[in-house]
Amino acid sequence: MPELPEVETVCRGLLPILENAILQDVVVRQRNLRFPVPKNFRQKLLFRRVLTVRRRAKYILMMLDDDDVIISHLGMSGRMTIYPAGEDVPPPGRHDHIEFKTTTGNLIRFSDPRRFGFMTLTSTQCLKEHKLLRNLGPEPLGNGFSGPILAASLKGRNTPIKSALLDQRTLAGLGNIYVCESLFGAGISPKRKAATVQGTRAEKLVQAIRVVLTEALVAGGSSLHDYVQPDGKLGYFQNCFKVYGQEGKACPGCHCNFLVTGGIKRISQAGRSTFYCSRKQR
DNA sequence: ATTGGTTCCTGCTGGC
DNA sequence: TGCCAGCAGGAACCAA
């Protein structure tokens, strides 16, 4: 499930292929994604130049000439695959929804079995105020994020810290995996009331989030279920999970006490799995 | 205003 | 072994 590190890795993979590329062809095979692909998508993009590829939260932003922007989201199972010029391209399968071909012969294929992902169009002028982007919180790896800023946005919030961190308005880019890992890193219980994460605790959480995301980025993301890098390489951060998916295993922080603690627990919060150690996380 | 529940979709898993 | 119900999950949307 692509979260910030995975999306960032995808953007970094796409950039050298798409930067300054001209789109010779755009194929839309499945219009019915999470949001419908705009009717004029192909017409609008044909023979346009891509200036750069950026990320905001979990969104991929392809910046085009003449101030147009493609906003894309990988959803749960979305994938971008690059087929470099001259390489064989396998025939499209039923989940291969959109393709970009550059004048240099490179092909980028967007696939998404579960169709929670999408691609849509906007302009650079409308980007900041776009419905999908305007309420996003700060980038966790950027300068606009700090202990005091996080503490301020958690103030008065009665929801569990787990839910608050999944809320993209609190901070942008975390999903279930990295929320669980960050809370473990900070020693904070996922059940703790968000409003009580203040001061040193908020500071510690910010640091934990930064460490987890940075390590995951270095690892090329986590290859779980569907995720692979655009060049086909697997990310390997999934081998570094301390709690996510580790139900019943010894907590890496207190494994000597396994018989007492029972190790990593799994609970359900807001309909999603949370993994944590009840001894280390308070 | 904030919060929780529902929904979209398909592939995988576990129980019989 | 095979089938199918149930589950997973990002985020918009709706309801309380």
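The shown structure was predicted, so the numbers you read here are calculated from the model rather than taken from an experiment. Proteins come first, then strands; the chains are lettered A, B, ... in the order of their sequence lines, and each starts at number 1.
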Q) Can you list, by residue number, the residues of residues 157-168 of chain A that have a non-hydrogen atom closer than 4.0 angstrom to DNA chain B? A) A/R157, A/N158, A/T159
Q | d(CG, A/L171; P, C/dG10) in whole Å | A | 14 Å
Q: Mind calculating the distance between CG (A/D112) and P (B/dC9) to the nearest angstrom?
A: 12 Å
Q) Nearest to the side chain of A/R114, which nucleotide is it out of B/dT10, C/dA11, C/dA12? A) B/dT10
Q: With the side chain of A/R266 defined as its heavy atoms from C-beta on, choose the nearest nucleotide among C/dA11, C/dA8, B/dG11.
A: C/dA8
Q.
Do the side chains of A/D66 and A/R49 get close enough for a salt bridge, i.e. N-O under 4.0 angstrom?
A. no
Q) The side chain of A/S273 lies closest to which of these nucleotides: B/dC9, C/dA8, C/dA11? A) C/dA8
Q | Between P of C/dC7 and CD of A/E247, the distance in whole Å | A | 14 Å
**Q.** Value in whole Å for how far the P atom of B/dC9 lies from CZ of A/F118
**A.** 16 Å
Q: Check the pair A/R29, A/E99 against salt bridge (charged side-chain N to carboxylate O under 4.0 Å, His left out), reporting the backbone distance first and the verdict last.
A: CA-CA 8 Å; A/R29 298 198 177 82; A/E99 275 172 17; 3.0 Å; yes
**Q.** Gap between atoms CG and P, on A/L133 and C/dA11 respectively (whole Å)
**A.** 11 Å
Q: Using the six-membered ring for Trp and the full ring for Phe, Tyr or His, decide whether A/F116 stacks on the six-membered base ring of C/dG10 (centres under 5.5 Å, planes under 30°).
A: yes
Q.
On DNA chain B, does the nearest nucleotide to A/H95 precede the nearest nucleotide to A/R34 from the 5' side, or the other way round? Give the residue.
A. A/R34
Q: Please determine if a side-chain N or O atom of A/K131 lies less than 4.0 Å away from the OP1 or OP2 oxygen of C/dA12.
A: no
Q | Gap between atoms CZ and P, on A/R169 and B/dT3 respectively (whole Å) | A | 9 Å
Q: Inspect the contact between A/E129 and A/R134 and indicate whether a charged nitrogen and a carboxylate oxygen are less than 4.0 angstrom apart.
A: no
Q | Spacing of A/L4 atom CG relative to C/dG10 atom C1', expressed in whole Å | A | 14 Å
Q: State whether A/R157 and A/D167 are salt-bridged, where the test is any N-O pair (Lys NZ or Arg NE/NH1/NH2 against Asp/Glu carboxylate O) under 4.0 Å.
A: yes
Q) For the residue pair A/F118 and A/H73, does the interplanar ring angle fall in the parallel (under 30°), tilted (30 to 60°) or perpendicular (over 60°) class? A) parallel
Q) Of the candidate nucleotides C/dA12, C/dG9, C/dG10, which contains the atom at the shortest distance from the side chain of A/Y244? A) C/dG9
Q: Please list, chain by chain and in numerical order, all residues satisfying side chain to side chain contact (heavy atoms under 4.5 Å, CB included) with A/A151, sequence neighbours excluded.
A: A/Q198, A/A202
(Q) Nearest whole Å is fine: how far is B/dT7 P from A/R272 CZ? (A) 14 Å
Q) Do A/Q246 and A/F275 touch side chain to side chain, with heavy atoms closer than 4.5 Å? A) no
